[in-house]
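For this chain, numbers begin at 1 and follow the sequence in order.
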Amino acid sequence: MRKNTILTTAMPIAAASVALVLGLSGCGQSSTQASGSETTSASSAETAAASLTLDDAWVKAADDNMTGIFGTLTNTTDKDINLVEAKYDGASMVQLHETVDDGTGTMKMQEKKGGFVIKAGQSYTLEPGGDHIMVMGLTRPIKPGEEIDVQLVTADDETIPVKAVAKDYSGAQETYAPGEADAGTDGEKKSGDSGMDGMDMSGDK
């Protein structure tokens with residue numbers, strides 16, 4: 001009888017030990033799966049964020065009116081990316097601009113219809129005297145050395161945050177194609193006026 005009693009007492013203990021081991025094993029597996037899921041999500045987010053970059057991004061320092069954002073757009077994917085919009089919350093309007101010859105030898109800026117198309121695996125340069133992001137109706141100054149936040153929006157409704165460092169920039173004046181400089185806010189130059197002071201259309205810094 002004594003032997004039977006010992007065995008009967010030991011069996012629940014052994015069962016409890018097995019249950020505990022299984023329970024710990026289950027928790028470990030769940031933790032590993034959760035961690036793997038989080039890693040995958042983070043990796044996907046990084047991949048999406050890196051699909052389009054604006055390298056060496058800079059903006060001309062300005063107290064008011066207008067300025068431009070420049071740099072090198074790089075498409076890291078195997079598909080073309082169409083940049084259709086840019087946003088900056090310190091201005092009343094932001095447009096994607098190109099610089100074209102008006103037929104008389106004078107270079108003028110105008111909105112780039114359809115935006116910028118960055119080919120798969122290639123880069124697209126934004127520079128004074130060429131295509132650029134035009135910021136109009138500044139609501140606050142952009143000081144040299146300041147870093148501003150800009151959002152790039154693609155035709156696929158992907159919003160990509162980038163940063164641009166403000167630099168002093170001096171050069172010739174520029175002109176605008178009819179209607180391009182009229183953003184409908186006080187203090188901005190209207191159509192037919194000279195363009196933004198300090199934006200050198202030659203592209204020299």
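- Rounded to the nearest 0.5 Å, atoms CD (Gln122) and OG1 (Thr72) are 13.0 Å apart.
- Scanning for salt bridge (charged side-chain N to carboxylate O under 4.0 Å, His left out) contacts around Glu98 gives Lys112, with sequence neighbours left out.
- Among residues two or more places apart in sequence or in another chain, the side-chain hydrogen bond (donor to acceptor under 3.5 Å, both in side chains) test is passed with Thr139 by none.
- Screening Asp55, Asn75, Thr74 against Ser123 for a side-chain hydrogen bond (donor to acceptor under 3.5 Å, both in side chains) leaves a single residue, Thr74.
- Remark: Asp168 engages Ala61, Pro144 in a side chain to side chain contact (heavy atoms under 4.5 Å, CB included) (not counting sequence neighbours).
- Looking at every heavy atom in both residues, Leu152 comes nearest to Ile133 through CD2-CD1, 3.9 Å.
- Residues meeting the salt bridge (charged side-chain N to carboxylate O under 4.0 Å, His left out) test with Asp102, sequence neighbours left out: Lys108.
- The closest side-chain heavy-atom distance from Glu111 to His97 is below 4.5 Å.
- The heavy-atom pair separating Thr77 from Ser51 by the smallest distance is CG2-CB, 3.6 Å.
- Every residue meeting the side chain to side chain contact (heavy atoms under 4.5 Å, CB included) condition with Asn82, not counting sequence neighbours, appears here in chain and number order: Val84, Val117, Ala155.
- Between Phe70 and His132, the two ring planes are tilted [angle within 30° to 60°].
- In the hydrophobic clustering of this structure, Met93 groups with Met134; members are Ile, Leu, Val, Met, Phe, Trp, Tyr whose side-chain heavy atoms approach within less than 4.5 Å, directly or through other members.
- The two residues Ala62 and Leu138 make their nearest non-hydrogen contact at CB-CD1, 3.8 Å.
- Remark: Phe116 engages Tyr124 in a ring pair (Phe, Tyr, Trp, His ring centres under 6.0 Å) (not counting sequence neighbours).
- Between the Thr67 side chain and the Lys60 main chain, a donor and an acceptor come within less than 3.5 Å of each other.
- Here the rule is side chain to side chain contact (heavy atoms under 4.5 Å, CB included) with Ile69, and of Val94, Val162, Leu126, Leu54 only Leu54 fits it.
- Scanning all heavy atoms of the two residues, the minimum distance from Ala91 to Val135 falls at CB-CG1, 3.3 Å.
- Within the structure, the salt bridge (Lys or Arg N to Asp or Glu O under 4.0 Å) test picks out the following pairs touching residues 137-155 (sequence neighbours left out): Asp63-Lys143, Asp89-Arg140, Asp149-Lys163.
- Here the CD1 atom belonging to Ile118 is positioned 11.0 Å from the OG1 atom belonging to Thr125, to the nearest 0.5 angstrom.
- Residue pairs meeting the salt bridge (Lys or Arg N to Asp or Glu O under 4.0 Å) criterion with at least one member in residues 129-138, sequence neighbours excluded, do not occur.
- Minimum interatomic distance between Thr99 and Met109 (heavy atoms only, all atoms of both residues): OG1-CG, 3.8 Å.
- Every residue meeting the salt bridge (charged side-chain N to carboxylate O under 4.0 Å, His left out) condition with Asp80, not counting sequence neighbours, appears here in chain and number order: Lys119.
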